[in-house]
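Quick notes on the structure that follows.
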Amino acid sequence: MAKQPTPPPEAQHFDVVVIGSGAAGLTAALHLAEHGRVAVLAKGGLSDGSTAWAQGGIAAVLDAGDTVAAHVEDTMIAGAGLNHRATVERVAAGASAAIDRLAALGVPFNAGETVSERWHLTREGGHSHRRIVHVDDATGWAVSQALIRAAQAHPNITLVPDMAAVDLITHRHVVGARFPQRRCHGVYALDTKRRRVAAFIAPATVLATGGASRVYLYSTNPDGATGDGIAMAWRAGCRVSNMEFNQFHPTCLWHPKVRNFLITEAARGEGGHLKLPDGSRFMQRYDDRLELAPRDVVARAIDAEMKRLGLSHVLLDLTHLGADFVRAHFPTIHARLLELDIDCTVQPIPVVPAAHYSCGGVMVDLDGRTDLAGLWGAGEVTQSGLHGANRLASNSLLECLVFGQAVADDIAAAATPDTPSAIRPWDESRVTDSDEEVVIAHNWDELRRTMWDYVGIVRTDKRLERAAHRVKTLRKEVQDYYGNFRVTADLIELRNLVTVADLIVRSARARKESRGLHFSTDHPGMAATALDTVLDPAQGRGDAV
Ligand code: FAD
Ligand code: SIN
């Protein structure tokens with residue numbers, strides 16, 4: 001029988017605390033649980049992260065005609081040369097074993113259509129081969145459920161949902177002089193049901209909190225994608241990099257009531273066409289690879305057509321593929337659209353680009369180590385060097401699986417230092433309950449709209465300057481608010497979002513070229529040398545709200 005999640009007392013000690021129950025966090029936890037006691041925190045339900053929403057699948061070289069070298073090259077081309085080759089090679093080479101492990105956990109990948117093909121492989125933009133293993137068009141749900149089931153069954157894993165990490169516990173929070181070195185000792189987290197802050201103390205902490213695409217008004221991501229891990233690591237003194245590279249997925253459903261439903265790239269991979277309202281295709285005017293050009297190219301093309309013709313959306317047409325084919329390959333999308341009175345077997349789907357993935361994040365090395373001893377990172381929260389200036393489709397779940405394991409291996413091999421027995425309790429003596437919750441809702445809306453309008457698919461120096469002014473004012477207001485009122489789940493997210501927005505705008509202003517997902521009409525050329533944008537809290541404003 002599955003274990004029930006455990007409610008926490010004020011302070012708990014573990015061998016490892018993992019923050020996040022998506023593909024990255026649970027992969028790390030399952031490996032680490034072979035060596036010690038692991039707590040896995042999730043700020044809402046266990047399957048509330050992006051992992052469960054993933055549709056297309058996982059990129060892996062599983063076909064005899066394909067090669068790891070080709071996967072590496074496709075990833076580097078999509079990433080516009082900014083990728084770190086060693087990371088790309090490590091991740092691409094680790095794919096096949098990662099898929100085997102998921103299959104062993106019970107993920108029911110679609111079977112191949114011939115005896116020599118174990119799994120069915122679909123195609124997505126930027127891939128030179130069919131390379132995407134999937135579970136219909138709802139791969140993430142199947143992966144998430146299999147990982148959660150395995151974690152629930154493991155005696156060494158304690159799952160703690162509804163526990164929102166607020167800040168990392170570092171040497172600065174330790175009582176006494178025994179632990180002077182810069183180090184992470186765990187995390188303070190808000191029990192969102194009981195509304196009190198608890199401490200999770202461990203010699204090793206893993207950040208696996210996902211991305212920050214909810215910093216934009218329109219996004220394919222679940223509500224919780226607010227960049228909490230990036231902001232917490234920044235406050236604790238870790239460098240972040242490449243924050244300007246926000247991936248906009250070309251085909252999010254355009255619908256007045258449903259604003260974050262993705263139409264998988266596999267729909268174009270299997271032959272779907274992008275069209276204007278008059279029924280004409282337009283990708284031939286932008287790229288020889290047509291609908292299967294990398295995402296940055298397709299999203300910019302749609303954006304340009306929408307601006308040129310004053311459109312609210314374009315169309316994704318699957319009707320020529322045949323009703324049986326569409327229903328068989330995209331059952332989840334077909335059913336969801338029918339609920340909205342759109343039958344995609346006979347009518348085109350209205351689509352717009354929306355914020356989808358954070359390529360930048362907390363800097364980690366090949367073992368997932370951050371700048372802070374005792375703190376590791378895996379998955380979308382990190383900048384590992386895999387994605388460069390633009391992520392290749394379906395490389396993200398793969399990164400979670402490969403880095404989740406790498407982090408676990410490194411922690412298991414590391415010496416285990418002592419943990420402090422006394423840390424400072426969470427101090428709420430100088431704050432009160434807010435009597436002005438409207439400030440949070442207002443600033444939240446204003447921040448997301450600012451980012452959408454001024455830091456979107458196409459950027460200019462002037463717009464970025466405007467964004468910088470607005471974000472600065474919002475940061476100040478949120479900082480004051482945070483200092484005066486008791487912490488709540490919404491306030492935690494807003495505080496982190498405003499920090500992440502500041503990091504994105506600063507990074508975008510620092511990049512004086514156009515590369516991958518960062519396109520500026522003031523700097524349209526690409527520099528000869530590809531350089532990461534690295535922000536270091538030690539060089540100013542490390543304590544950003
Ligand atoms: P997530 O799965 O997002 O999990 C984050 C976890 O951290 C959650 O458990 C959350 O509760 C927790 N958390 C966050 N903040 C806190 C906090 N303060 N305290 C405690 N816990 C916290 N990628 C692919 O490779 N293939 C695909 O087909 C694909 N399709 C996608 C479709 C959609 C609609 C979306 C949104 C993304 C898709 N992606 C896809 C991207 C991919 O799903 C994500 O990048 C990946 O799942 C991220 O996994 P993760 O483990 O890093 O984070
Ligand atoms: C999709 O199915 O289009 C999403 C794939 C991804 O984001 O990698």
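Ligands are counted one by one from 1 in listed order, and the atoms in each one are counted from 1 as well. What you are looking at is a predicted structure, and each value in this text was computed from that prediction instead of being measured.
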* Using a strict 4.0 Å cut-off to heavy atoms of His249, name the atoms of ligand 2 that fall inside it. => 1 (C), 3 (O), 4 (C)

* By number and element, which atoms of ligand 2 are closer than 4.0 Å to a non-hydrogen atom of Ala393? -> 8 (O)

* Check against ring-ring contact (aromatic ring centres under 6.0 Å, His included), His249 and Tyr357 -> CA-CA 8 Å; His249 196 292; Tyr357 186 83; over 10 Å; no

* Asked: Is the closest basic N to carboxylate O distance between Lys43 and Asp162 below 4.0 Å?
  -> no

* Option with minimal heavy-atom separation from atom 1 (C) of ligand 2, where the choices are Thr264, Asp137, Ile333 -> Thr264

* **Per atom 3 (O) of ligand 2, closest listed option by heavy atom (Glu265, Glu124, Arg268)** => Glu265

* **Value rounded to 0.5 Å, distance of CG in Leu41 from OG1 in Thr209** => 11.0 Å

* Asked: Should the proximity of Leu397 to ligand 2, defined as any heavy atom under 4.0 Å, be assigned to the side chain, the backbone, both, or neither?
  -> neither

* Hey, is Glu124 close enough to Arg130 for a salt bridge, meaning N to O under 4.0 Å? -> no

* To do: Would you kindly check if the NZ (Lys) or CZ (Arg) of Arg448 is within the cone defined by 45 degrees around the ring axis of Tyr216 and under 6.0 Å from the six-membered ring centre?
  => no

* Charged N to carboxylate O under 4.0 angstrom, Asp371 versus Arg239? -> yes

* Asked: Are Arg289 and Asp287 ion-paired here, with the side-chain N under 4.0 Å from a carboxylate O?
  -> yes

* Measure the distance from atom 8 (O) of ligand 2 to every protein heavy atom, then report the residue, atom name and distance (to 0.1 Å) of the closest one. => Ser394 N, 2.6 Å

* Asked: Is Gln247 in polar range of ligand 2, meaning some N or O pair under 3.5 Å apart?
  -> no

* Can you list the residues that meet the salt bridge (charged side-chain N to carboxylate O under 4.0 Å, His left out) rule with Arg123, with sequence neighbours excluded? -> none

* Any N/O pair Gly56/ligand 2 closer than 3.5 Å -> yes

* Identify the closest protein heavy atom to atom 5 (C) of ligand 2: which residue and atom is it, and at what distance? -> Arg295 NH2, 3.0 Å

* Asked: Between Asp100 and Arg118, does at least one N-O distance fall below 4.0 Å, as a salt bridge requires?
  -> yes

* For the atom pair OH (Tyr286) and CZ (Arg300), what is the distance rounded to the nearest 0.5 Å? -> 11.0 Å

* Asked: Quick check: does Gln55 get an N/O under 3.5 Å from an N/O on ligand 2?
  -> no

* Asked: Is the distance between the ring centroids of Tyr188 and His173 less than 6.0 Å?
  -> yes

* Taking any residue with a non-hydrogen atom under 4.0 angstrom from an atom of ligand 1, which ones do you get? -> Ile19, Gly20, Ser21, Gly22, Ala23, Ala24, Leu41, Ala42, Lys43, Gly49, Ser50, Thr51, Trp53, Ala54, Gln55, Gly56, Gly57, Met163, Ala164, Ala165, Ala208, Thr209, Gly210, Thr220, Asn221, Asp228, Leu262, His356, Tyr357, Gly379, Glu380, Arg391, Ser394, Asn395, Ser396, Leu397, Cys400

